[in-house]
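Notes to accompany the following structure.
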Amino acid sequence: MKVNDTVEVLEKLKNLYECKNLTELSRKIGKNSSWAAQAKKNDALPLNECRNACIEFGVSMDWFLFGKEGQSVDKAELLNLIQEGLYESKELAILEGITLEQLRATSALVLKQIESIISTTNNVTQKNKKAV
């Protein structure tokens with residue numbers, strides 16, 4: 001697995017913090033003005049700064065270090081898995097008195113909520129992609 005080099009990681013930090021250069025990045029994250037240039041020169045991955053950016057911007061460390069965007073899930077497969085879980089709950093009498101039609105509708109609502117979460121996460125990732 002390829003690890004992003006220091007230059008790539010610093011570029012991602014620059015983009016997240018909307019900085020034009022390494023000096024501006026250094027100052028924006030509270031370091032001396034030559035910090036980022038020194039990290040680049042020494043090929044030193046700024047792990048603490050990446051961790052802080054992950055927390056602040058809601059991105060993953062996998063994105064910083066490996067360029068991974070996340071896993072994809074087939075929508076129909078996910079809906080099917082949600083329905084199976086609800087059907088099993090009905091069979092186990094956890095969801096008593098609910099019809100199959102209500103189970104299908106509930107599955108669709110659960111999927112809608114999951115899509116909303118994924119959409120929010122993708123919007124952050126897309127913003128970061130545009131910046132890179």
Side-chain angles (χ1 to χ4, degrees):
M1 180 181 306
K2 178 195 175 292
V3 176
N4 287 339
D5 63 21
T6 303
V7 173
E8 291 169 313
V9 169
L10 288 170
E11 277 301 309
K12 287 181 177 189
L13 283 170
K14 256 178 37 184
N15 290 322
L16 284 174
Y17 285 101
E18 299 178 350
C19 297
K20 293 181 174 96
N21 55 49
L22 294 177
T23 301
E24 187 180 344
L25 172 64
S26 297
R27 289 184 182 136
K28 196 143 197 181
I29 60 176
K31 303 288 186 179
N32 69 52
S33 60
S34 63
W35 169 83
Q38 281 298 120
K40 181 179 176 181
K41 178 182 172 188
N42 296 331
D43 195 24
L45 285 173
L47 295 177
N48 284 333
E49 290 71 20
C50 290
R51 182 200 64 208
N52 293 341
C54 287
I55 294 166
E56 185 173 343
F57 295 99
V59 297
S60 74
M61 192 64 97
D62 280 343
W63 175 74
F64 263 112
L65 299 180
F66 306 109
K68 288 185 174 183
E69 295 298 327
Q71 298 177 339
S72 63
V73 177
D74 179 65
K75 184 177 174 178
E77 181 182 342
L78 181 57
L79 181 59
N80 187 46
L81 290 171
I82 293 168
Q83 286 176 348
E84 285 179 13
L86 291 173
Y87 290 143
E88 187 174 346
S89 294
K90 181 175 174 58
E91 288 174 8
L92 294 172
I94 296 169
L95 295 174
E96 293 183 49
I98 191 167
T99 68
L100 292 179
E101 207 47 48
Q102 289 171 321
L103 284 176
R104 286 187 194 99
T106 302
S107 300
L109 291 172
V110 170
L111 181 60
K112 182 178 177 183
Q113 291 299 316
I114 292 170
E115 286 176 319
S116 173
I117 292 167
I118 292 169
S119 174
T120 302
T121 304
N122 285 341
N123 287 341
V124 171
T125 302
Q126 290 302 319
K127 176 188 174 209
N128 297 331
K129 276 185 183 178
K130 289 177 187 173
V132 173

| task | In sequence, state the C-alpha distance, the side-chain angles, and the governing distance for Glu84 and Asn80, and then conclude on side-chain hydrogen bond (donor to acceptor under 3.5 Å, both in side chains). | result | CA-CA 6 Å; Glu84 285 179 13; Asn80 187 46; 3.1 Å; yes
| query | Within a strict 4.5 Å, meaning less than it, do heavy atoms of the Tyr87 and Leu95 side chains meet? | reply | no
| Cluster link Leu81 to Leu103, ILVMFWY, side chain under 4.5 Å | no
| query | Passes side-chain hydrogen bond (donor to acceptor under 3.5 Å, both in side chains), Ser34 versus Asn32? Steps please. | reply | CA-CA 6 Å; Ser34 63; Asn32 69 52; 3.0 Å; yes
| task | Among residues two or more places apart or on two chains, list those pairs meeting side-chain hydrogen bond (donor to acceptor under 3.5 Å, both in side chains) that have a residue in residues 37-49. | result | Thr6-Asp43, Lys31-Glu49
| said: Are the side chains of Ile82 and Ile114 in contact, using a 4.5 Å heavy-atom criterion? | reply: yes
| Going from CG on Leu25 to CG on Leu10, what distance comes out if it is rounded to the nearest 0.5 angstrom? | 6.5 Å
| said: So, taking the atom named CG in Asn15 and the one named CZ in Phe57, what distance separates them when rounded to the nearest 0.5 Å? | reply: 10.5 Å
| task | Using the rule that two of Ile, Leu, Val, Met, Phe, Trp, Tyr join whenever any of their side-chain heavy atoms come within less than 4.5 Å, decide whether Leu45 and Met61 are in one cluster. | result | yes
| Is it the case that more than 12 heavy atoms not belonging to Glu56 sit under 6.0 Å from its CD atom? | yes
| query | Does one hydrophobic cluster hold both Ile98 and Leu109, with members joined at side-chain heavy-atom distances below 4.5 Å? | reply | no
| message | Nearest 0.5 angstrom please: Leu86 CG to Leu100 CG, how far? | response | 11.0 Å
| Residue pair Trp35 / Ile29, side-chain heavy-atom distance below 4.5 Å | yes
| task | Mind listing the closest non-hydrogen atom pair of Ala36 and Ser26 along with its distance? | result | N-OG, 2.9 Å
| Passes side-chain hydrogen bond (donor to acceptor under 3.5 Å, both in side chains), Tyr17 versus Glu24? Steps please. | CA-CA 9 Å; Tyr17 285 101; Glu24 187 180 344; over 6 Å; no
| request: Indicate yes or no for a side-chain donor-acceptor contact from Lys28 to the backbone of Cys19 under 3.5 Å, with no hydrogens or angles considered. | output: no
| Considering all heavy atoms, the nearest Leu13-Ala53 contact | CD2-CB, 3.8 Å
| query | Counting N and O atoms only, with roles assigned by atom type, does the side chain of Glu8 sit under 3.5 Å from a partner on the main chain of Asp5, one being a donor and the other an acceptor? | reply | yes
| query | Is any side-chain heavy atom of Gln83 less than 4.5 Å from a side-chain heavy atom of Leu79? | reply | yes
| task | Verify the cluster assignment for Val59 and Val7: are they in a single hydrophobic cluster under the rule of side-chain heavy atoms below 4.5 Å apart? | result | no
